[in-house]
Amino acid sequence: MRRTPMDDHTADYWARQIRIGAVIAAVVTAIGAMRIAMSWSGASRWWLIPVLLAVAAQAVLIRLPWNRLVRRDGFRRQLLLWWFAELPVLLLFGFADPGGAFLYLPAAVLLLMSAAALWAPRTVVLFGAASGLGYLVLLPVKAHTGVALTFVVVAMYGCVTALTAINSQSRRRLDGRRRLAEQRAETLLEASADTVLAVGRDSTVKYVSASIEQLLGLRADDLRGSQLTRVMHADRLGELNDFMNRMLALPIGQSLRVESRLHNTAGEWVYVDVMGTNWINSPELQAIVVSLRDISARRELEMQLHRQAFTDSLTGMPNRAKFRQTLEEAVESGGPEPVTVLLLDLDDFKLVNDNLGHSAGDELLSTIAERLRSVVRPADMLARLGGDEFAILLRDLDPTDASGLAERLLAIAREPIRLASRDISCSLSIGLAVSTGGEIGAEQLLGNADLAMYAAKRAGRNGYAIFDPTMTLSVLEEAQQRADIEHALEHDEFRVLYQPVVDMTTQQLIAVEALVRWQHPRDGLLGPYHFIASAEANGLIVPLGRWVLRQACAQLARWRAESPAAAGLHVNVNLSARQFQYAGLVEDVAEALADAGLDAASLTLEITESMLMADIETAKETLYALRGLGVRLAIDDFGTGYSSLSYLKQLPVDVIKIDKTFVDEVHIDEDDVALVDAVAGLGQALKMKTVAEGIETDAQWDTLRKIGIDHGQGYLFGRPAEQERILEMLAVTVA
């Protein structure tokens, strides 16, 4: 059987005990030399010379590299002869010296104790028996003791031998437990996916687990004893020095966590989560313990979500979030150059969607986007804010030139576009606002451009308007719209439609999403785009949202009473930003459930990412309060707002709803497939259900089903419908 190599700890122990034994032997021999000098006759004092040489030789033994020598099994066996060779020397001295019988006893005990520190109990007993024989010879001959006294002394020495052997056995048992614990810890470290390093004060790697090879492609044996700079790129050495200095400044046992990136042997960047703990002043470790966790996959997903959060998926332009961020930076710079915003809205875009379909509408938006891109300068920022709304950010441009740009944009937009085998002509309404020297903020500048754009629409569309302070009179119109919404709430003009949510495998109806519509007495049935933004702005979204919540809960209770097939049906209700921030939200939800007689688990509340990230700590408190009621929680439009994955796992969320923008081309776009697949994996890892929104084709459904998305929603399964239509679908399910 192959022997386990001696570890550093054991080698240090052996070396220390051998040096102690050498010191004891040198001291005992020196005492013998003193006896020769003081008590021996002149004719025998020549023995002083070899004895002193023996003292010097044993003193020299202290300086030998015992740490290296004792690692060889053969050398340790030969080393035992040193101890046994001392016994005949002591015995001869005992006969030669007048008081040798009395000197033999303490010298033998010292040898016995030093032997017990290294050797096994059996060896200790053998050594004790051999040294005890010396007493049987010396005591009667030199000390002239009787049989009884000799027996007593030898028996007592036997007790000393037994006790020493027991201590030797205890020491070996403790050493065995220590080695077993070290092997267990080593095994756990080797099996861990995290890489663990122990780094000395001078950045020397004292220990590294074998998982470093999987992480960076380096062999652990090659890295031990080398400098930590070996795994750091040259341009990141300053970061390493800063990390080491910060670690050394920490109190013992304190930790520091950072994210960094390292080069692997293939020259690729590997992103790592670094956790360092300062044990440099710990006698046991004397190192900084560093744990490295590969977070490359997580970082890649976050970067994709980040890019998606700031990029419009249809046109590839910056989106609203990116535009607002850049606009704020431009205004806050406060330079003398003017900052100009052009807000563009495509006139009558809804008619294209309604008459030709969403695909034609997307093609129209893409074509318009390319035309706009061909007109603006490379340094200007062109963004799609959402829907049919675009924005342009201009710097160092004279207002007169901005007007000329607006006219060119109007002209190029009017050129016919071929859609669905017909030529379509469209137009733009453009609002233009200017800020010089940071005189107004980004929010106000964008608001001014918005007022100007609506002024252009009121002027007949297909034109542009430059902001004028008198445009604030439009506030009166907003007040009128508020009055209209209040009237609609009082006279039950709002209606709730329900869109099916199905199981992706069976297409069985499992839930419905409640969607509000306005049955306007003059304009007919209006979608949410006509009133939700206004209700959100003026605060009426709170009572409107409360009404939708109560209607949805009551309707689900009625379905369950009317149809056994509705027993497992759930209802989803969207929460607006203001409603989510409303202090009485939890009470409203509890009352709606109680009045409907509905169990809380039947209700799912949907919250968008942007609402969560606006104030994550407050959002967490609200979510946990809602979870306390027993309702389910969903993140709506996942991926359209930038949320850190480290926050996502802290939230009591049950469902991730993947935004339609990821679904539209998932059957043909590999990037969308990869992103949806990553979100599906994320949902499985966090034990959350995934719902894909906006499914319109069998190809999309088939792709999403293969990826592993749990539930689906979209026109393929059903448009928003009245409650009677949902009952019909439930009846089909039962049949």
Side-chain angles (χ1 to χ4, degrees), residues 308 311-320 322-323 340-378 380-394 401-432 449-450 452-465 527 529-530 640 659-669 671-672 694 696-697 699-700 714-715 719:
Q308 189 67 35
T311 304
D312 176 61
S313 60
L314 178 64
T315 63
M317 293 177 175
N319 64 6
R320 179 182 293 272
K322 183 62 176 177
F323 183 83
T340 304
V341 170
L342 277 73
L343 204 58
L344 300 80
D345 188 82
L346 200 58
D347 298 328
D348 297 322
F349 176 71
K350 183 177 181 298
L351 296 177
V352 176
N353 268 344
D354 292 344
N355 296 329
L356 302 180
H358 289 285
S359 297
D362 289 345
E363 185 178 349
L364 173 62
L365 290 173
S366 298
T367 303
I368 291 295
E370 287 302 318
R371 291 183 179 182
L372 298 178
R373 191 178 280 119
S374 67
V375 174
V376 300
R377 302 173 303 178
D380 299 333
M381 183 178 190
L382 172 62
R384 181 187 176 208
L385 303 188
D388 59 348
E389 192 173 38
F390 296 85
I392 302 174
L393 174 60
L394 309 168
D401 295 333
S403 298
L405 173 61
E407 291 175 353
R408 291 195 298 275
L409 293 169
L410 292 171
I412 200 170
R414 285 192 294 266
E415 295 178 4
I417 299 173
R418 189 73 174 175
L419 291 178
S421 302
R422 68 177 71 178
D423 288 332
I424 301 295
S425 295
C426 60
S427 61
L428 295 173
S429 294
I430 302 176
L432 193 155
D450 190 54
M453 186 264 290
Y454 277 107
K457 280 189 176 294
R458 289 194 295 270
R461 307 186 180 189
N462 189 26
Y464 73 92
Y529 296 109
H530 291 84
T640 59
D659 189 67
K660 181 181 183 298
T661 55
F662 301 136
V663 173
D664 287 341
E665 298 184 1
V666 72
H667 56 298
I668 57 174
D669 190 321
D671 290 339
D672 282 349
E696 297 182 356
T697 66
Q700 293 170 348
Y715 287 176
R719 294 174 178 268

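On a predicted model such as this, the values are computed, not experimentally measured, just so you know.
Residue I430 holds its CD1 atom at 10.5 Å from NZ of K457, rounded to the nearest 0.5 Å. Atom-to-atom distance recorded for F662:CZ and S313:OG is 7.5 Å, nearest 0.5 angstrom. Atoms OG and CG, from S427 and L346 in turn, are 7.0 Å apart once rounded to the nearest 0.5 Å. Rounding to the nearest 0.5 Å gives a distance of 10.0 Å between OG1 of T661 and CG of L314. In this structure, the separation between CZ on F390 and OG1 on T315 is 6.0 Å, given to the nearest 0.5 Å. Taking NE2 of H358 as the reference point, atom OH of Y715 lies at 4.5 Å (rounded to 0.5 Å).
Residues satisfying the side chain to side chain donor-acceptor pair (under 3.5 Å) test with D671, not counting sequence neighbours, are none. Partners of E389 according to the side-chain contact (heavy atoms from CB on, under 4.5 Å) rule, which considers only residues two or more places apart in sequence or in another chain, are R320, L343, D345, L385, D450, M453. Annotation: salt bridge (Lys or Arg N to Asp or Glu O under 4.0 Å) contacts of R371 (sequence neighbours excluded): none.
Formation of a donor-acceptor pair under 3.5 Å by the N319 side chain with backbone atoms of K322 is found in this model. A donor-acceptor pair is defined here as one N or O able to donate and one able to accept, closer than 3.5 Å; no such pair exists between the side chain of Q700 and the backbone of H667. Proximity of a side-chain donor or acceptor of D347 to a complementary backbone N or O of N462 within less than 3.5 Å is detected. R384 places a side-chain N or O within 3.5 Å of a backbone atom of G387 that can act as its donor or acceptor partner.
The shortest side-chain heavy-atom distance between D401 and T340 does not fall under the 4.5 Å cut-off. Counting only heavy atoms from C-beta outward, the side chains of I368 and I417 approach each other to under 4.5 Å. Between V341 and F323, the closest side-chain pair of non-hydrogen atoms falls below 4.5 Å.
When every heavy atom of L365 is checked against every heavy atom of D388, the shortest pair comes out as CD2-CA, 3.9 Å. Residue A465 comes nearest to A455 through the heavy atom pair CB-CB, 4.3 Å, listed as atom of the first residue, atom of the second, then distance. When all heavy atoms are compared, the tightest approach of L382 to A369 is CD2-O, 4.1 Å.
Between V376 and the options L342, I392, L393, L394, a side chain to side chain contact (heavy atoms under 4.5 Å, CB included) holds for only I392.
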